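These numbers were taken from a predicted model, which means no experiment stands behind them. In each ligand, atom 1 is the first atom listed, and ligand 1 is the first ligand listed. Just the heavy atoms: all of them, side chains too, but no hydrogens, waters or symmetry mates, feed the values below.
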Amino acid sequence: MTIWNFGSINADHFYDVPHLPAPGETLAATAYRIGLGGKGANQSVAAARAGAEVRHIGAVGQDDAWAIDRLAQYGVKTDHIARVNVATGHAVIYVAASDGENSIVIYPGANAAIELGAVKDALEAAATGDLLLMQNETGVQRAVAEVAKARGLRLIYSAAPFDADAVRDVLPYIDTLIVNEVEARQLSAALDTGINALPVANVVVTLGSDGAVWHDIGAGTEARVAAIRVTPVDTTGAGDTFAGYLAAGLDAGLTVKDAMGRAAAAAALKVTRPGTADAIPSSDDVERFLATQS
Ligand code: RIB
C-alpha cells in the first residue's frame, strides 16, 4: 500500500552549543549547519528509507526546490508538494554537546499555507487501506483527517508539537496516536482521562531511553520494546524516525512488536548521528545495527 504524509517541510538550522541556553543567557555556538527537516519531511524520509512507498503532501517557498530534490533523493514521491508564495518553514535547533538534547523553535511559513483543496486533490489517488501520517506542524488537520477517513485510509497522528486542542480535533478520525511521555501526561490532564481510556484504537507512547509501548485500547493489551543503549550525539528527529519506521513496518505487514522493534533501532541509530532527515538510517543500516545487538 502507499503511505501518504500530510506534513511539514523545514530548513533546519542547527547550532551546536555546550548546553541548552537558560533564559537570558548568551551562548556561542561551536558549529552551525543547515539540513532538511520538519516533522513531516523526517517521517516521510524515515518511512521511505524503511522501504515503503511514500507520497508527501506539503508545500515549500518558490526558491526552495532543494528541499523537494532532497526528499526525492531519499526515495519520497514529491508530486504533491506545492511551491507557494510564502517562505519555506524553518527551525532553529540548539543541540547540547553534553547529552545531545535539543531545543527547537519553528517558523511554520509555507507549512501553514497548504490549502485543503490541494490535499483533497492529492488524496483522490489514495486507496482504501493506505496509511496517512500527520503531525501538528500544518493547518487544516481536522478537515484532512475527515476526508482521509471517509476514503478508508488508516490514520497515524503524531501529537507534536503538542497542542491538546489539535489532538481533540483529530481524535475522532485517527487510528493510532503517537505521543511521548510528556505529551501523554499533558493529554491525560487536558482530556481528564487516562491514556488507556482515550477514544482511539491505539496509542503509542515513546519513552526515550526506556523504549516505547503500544496500547491496544479496545483489547486492553500492551506491546513494549526496550530502547537500544547508544551514546547520544543529537536526539533531534528520533521520534520522527521512530514514527516513520513504525508506519513502514505496519504497512509492510510486520507484527506490532516487530515494527516497534525496528522503529526503536532506527531511532537509536539516528541519535548517534547529527542532523534530522539527512541523518535517518537506511533499512540496511538498521539491519546491520540490529545484528550487532544479538
Ligand atoms: O522533530 C524534529 C523536527 O522538529 C525538526 O526537523 C524541526 O524542523 C522541527 O519540525
Side-chain angles (χ1 to χ4, degrees), residues 5-17 20 32-49 54 56-61 64 66-68 70-71 74 76 81 86-96 99-114 133-139 141 156-163 166-167 177-183 204-208 212 232-247 263-264 266-281:
N5 185 1
F6 171 47
S8 57
I9 301 169
N10 289 340
D12 280 353
H13 296 253
F14 290 94
Y15 299 84
D16 290 345
V17 287
L20 298 181
Y32 166 71
R33 57 196 173 274
I34 303 182
L36 175 66
K39 295 184 195 305
N42 298 341
Q43 292 191 10
S44 281
V45 169
R49 300 220 81 191
V54 183
H56 192 97
I57 307 170
V60 297
D64 285 315
W66 70 269
I68 301 177
R70 192 81 63 88
L71 278 161
Y74 293 129
V76 177
I81 300 179
V86 179
T88 301
H90 73 262
V92 172
I93 304 176
Y94 302 137
V95 180
D99 56 4
E101 282 300 334
N102 65 73
S103 178
I104 305 177
V105 174
I106 57 168
Y107 175 73
N111 298 315
I114 307 168
L133 308 185
M134 290 176 37
Q135 316 78 30
N136 187 26
E137 288 186 343
T138 55
Q141 290 166 31
I156 300 181
Y157 183 78
S158 299
F162 184 75
D163 176 339
V167 181
L177 172 70
I178 304 181
V179 286
N180 65 27
E181 276 176 289
V182 176
E183 292 157 354
V204 180
V205 183
T206 58
L207 305 167
V233 168
D234 179 0
T235 59
T236 321
D240 301 328
T241 303
F242 181 91
Y245 260 83
L246 178 64
L269 199 46
K270 150 62 210 112
V271 163
T272 64
R273 302 172 173 185
T276 36
D278 306 301
I280 294 173

Do other residues, nucleotides or ligands put more than 12 heavy atoms under 6.0 Å from the OH atom of Tyr74? yes
If you measure from NZ on Lys39 to OG on Ser158, what distance do you get to the nearest 0.5 Å? 9.0 Å
So the salt bridge (Lys or Arg N to Asp or Glu O under 4.0 Å) pairs with at least one residue in residues 267-277 (sequence neighbours excluded) are Arg273-Asp285
Set of residues that line ligand 1, where lining means a heavy atom lies under 4.0 Å from it: Asn10, Asp12, Gly37, Gly38, Lys39, Asn42, Ala91, Ile104, Ile106, Glu137, Thr236, Gly237, Asp240, Thr276
Asp278: what forms a salt bridge (charged side-chain N to carboxylate O under 4.0 Å, His left out) with it, not counting sequence neighbours? Arg70
Just jot down the side-chain contact (heavy atoms from CB on, under 4.5 Å) partners of Ala46, sequence neighbours excluded, or say none. Tyr245, Ile280
Let me see the working for Val92 and Tyr15 under side-chain contact (heavy atoms from CB on, under 4.5 Å), right down to the final yes or no. CA-CA 8 Å; Val92 172; Tyr15 299 84; 3.8 Å; yes
